[in-house]
There are 2 protein chains.
Amino acid sequence: MTERIIIADDHPLFRAALGHAVASVWPDATVIEASSAGEARAALAEPAECLLLDLHMEDSNGLSVLMDVRQDYPAVPVVIVSASEEPRVYSAAAQLGAAAFIPKSASLPVLREALQAVREGDNWFPDTGDEVEDDDLARISSLTPAQRRILEHMRAGLLNKQIAYELSISEATVKAHITAIFRKLNVISRTQAAMLAAKLDVDQPAADSTTS
Amino acid sequence: MTERIIIADDHPLFRAALGHAVASVWPDATVIEASSAGEARAALAEPAECLLLDLHMEDSNGLSVLMDVRQDYPAVPVVIVSASEEPRVYSAAAQLGAAAFIPKSASLPVLREALQAVREGDNWFPDTGDEVEDDDLARISSLTPAQRRILEHMRAGLLNKQIAYELSISEATVKAHITAIFRKLNVISRTQAAMLAAKLDVDQPAADSTTS
DNA sequence: AACGTATTACGACCTATGTCTGAGTCAGCC
DNA sequence: GGCTGACTCAGACATAGGTCGTAATACGTT
């Protein structure tokens with residue numbers, strides 16, 4: 001009987017590209033496309049050789065789909081395909097039983113290498129080079145409440161004088177806090193601090209994905 | 001002579017998928033792949049029929065690349081390819097002179113339809129119905145090239161001195177440009193300007209699963 | 001050629017930002 | 001009580017940021 005490979009991704013073009021790569025590793029496999037987590041689960045009702053799973057789909061909450069699938073079909077290796085390049089997401093996926101993690105920025109040879117490894121029963125994860133950059137998130141969460149309030153106002157583009165007025169403290173205190181914030185965030189100007197705060201405020205999903 | 005079509009996207013697999021679609025619309029064209037904004041600009045040194053441009057690449061932070069390209073090569077139609085589904089981004093791209101906007105979630109037939117329209121000199125944008133307007137966009141696109149360059153550097157958190165060095169101009173000139181930028185963007189500090197630039201240039205495909 | 005306008009450029013000048021030193025209060029903790 | 005950490009503030013200081021006036025260049029108009 002032919003092997004069934006399920007590709008779950010909500011980007012048709014990307015499914016097509018993945019399909020080509022799959023075909024070169026499993027030449028005789030039947031490729032089943034799914035554009036949502038629901039379709040992927042439906043496709044799993046019949047035995048499958050492998051599941052390529054996108055983390056960003058309309059009806060999916062990130063890694064929770066992976067959890068579900070691993071629970072219900074532990075025999076099916078799951079290859080996570082994600083736009084994320086965050087090492088924290090790699091390791092989260094690994095802990096949840098993914099067989100491989102492929103960033104969408106991967107090239108075709110890399111993709112084939114990963115799929116080949118999975119076919120042979122191995123795991124495959126991106127090479128992060130051991131020591132990852134220090135974590136912005138950890139740094140920002142080390143701020144004290146007063147420092148966080150001030151960072152919020154900095155981000156809004158207020159002057160120190162305005163921040164002092166808003167928080168009913170002196171400008172000297174604002175400056176003192178700001179100096180402490182810069183140290184903790186490892187930046188040297190209020191613009192960098194504000195950009196960092198803004199970036200991390202949008203990047204909530206990375207921090208949130210393991211707790212749901 | 002053969003037509004040159006440039007595909008700029010940092011995902012090799014997606015470039016391949018786009019290449020297939022392009023080949024079906026421009027059968028005899030030469031497809032040139034670029035994996036960064038820099039490579040795309042280099043490829044534009046020779047006449048090109050069309051540029052397919054991803055908004056999210058390593059060395060680019062969004063729509064600023066589009067601005068630059070439109071400025072330097074107004075004759076080349078630019079098709080924006082983005083993971084974003086935000087109507088606000090569509091209209092931003094339209095205002096900045098993009099010929100088309102294709103969400104990465106588009107199917108192959110839709111993609112072909114858009115490319116065909118561009119080939120015939122038309123525009124093509126996703127069907128959204130209601131109008132979105134953005135004063136900020138109009139303001140930011142009124143910046144001169146020098147001002148835009150400086151805004152980009154401001155956004156990266158550089159000091160005026162560093163910007164001056166990068167652009168080989170004096171710090172006094174940087175300051176003068178910054179003052180002009182503030183007036184045009186209607187802000188009063190570099191932090192506000194940087195936040196505004198970041199907000200409008202956003203194309204955050206990697207971080208949109210948000211909360212459960 | 002003469003003109004207006006937009007852009008880029010610069011220096012002088014004042015203000016905002018950020019650092020450093022030092023110090024006071026308050027709360028929790030061993 | 002002694003210790004620590006968070007929050008508060010002030011004065012002095014150095015530097016970065018921002019405004020203003022001014023000028024050279026470029027480009028299109030008349």
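Note on naming: letters A, B, ... go to the chains in the order of the sequence lines (proteins, then strands), and numbering restarts at 1 for each one.
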If the cut-off is 4.0 Å, is [X] near the phosphate of [N], judged by side-chain N/O to OP1 or OP2?
X        : N      : result
B/Thr144 : C/dA6  : no
B/Ser170 : C/dC10 : yes
B/Thr173 : C/dT8  : no
A/Asn160 : C/dA16 : no

Quick one: [X] [atom1] to [N] [atom2], roughly how many Å, whole number?
X        : N      : atom1 : atom2 : value
B/Ile150 : C/dT7  : CD1   : C1'   : 12 Å
B/Glu171 : C/dG11 : CD    : C1'   : 12 Å
A/Leu158 : C/dT17 : CG    : C1'   : 15 Å
B/His177 : C/dT7  : NE2   : C1'   : 8 Å
A/His153 : C/dT17 : NE2   : C1'   : 18 Å
B/Gln147 : C/dA9  : CD    : C1'   : 12 Å

How long is the gap from [atom1] on [X] to [atom2] on [Y], to the nearest 0.5 Å?
X        : Y        : atom1 : atom2 : result
B/Tyr165 : B/Leu158 : OH    : CG    : 12.5 Å
B/Leu115 : B/Leu111 : CG    : CG    : 4.5 Å
B/Thr173 : B/Ile163 : OG1   : CD1   : 12.0 Å

Under 4.0 Å between a side-chain nitrogen and a carboxylate oxygen: does that hold for [X] and [Y]?
X        : Y        : answer
A/Lys161 : A/Glu166 : no
A/Lys104 : A/Asp9   : yes
B/Asp68  : B/Arg149 : no
B/Asp10  : B/Arg15  : no

Review item, nucleotides 19-26 of chain C N/O atoms under 3.5 Å of protein N/O:
residue : atom : partner  : partner atom : Å
C/dT19  : OP2  : A/Thr179 : OG1          : 2.4
C/dC20  : OP2  : A/Arg183 : NH2          : 2.6

When B/Gln147, B/Met154, B/Arg148 are each screened for side chain to side chain contact (heavy atoms under 4.5 Å, CB included) with B/His177, the one that passes is B/Gln147
Review point. Is the A/Phe14 ring parallel, tilted or perpendicular to the B/His11 ring (thresholds 30°, 60°)?
Key: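 Perpendicular, since the angle between the ring planes exceeds 60°.
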With a 3.5 Å distance limit and no angle check, can you tell me whether A/Arg70 reaches the backbone of A/Gly97 through a side-chain donor-acceptor pair?
yes
Quick check against the 3.5 Å criterion: does B/Gln162 have a side-chain atom that pairs as donor or acceptor with the backbone of B/Leu159?
yes
Under the rule of Watson-Crick or G-U wobble with both distances under 3.5 Å, where | means paired to another strand and [ ] a crossing pair, DNA chain D maps to ||||||||||||||||||||||||||||||
Footprint ends on DNA chain D, 5' to 3', for atoms under 4.0 angstrom from a heavy atom of chain B, come out as D/dA16 to D/dC20
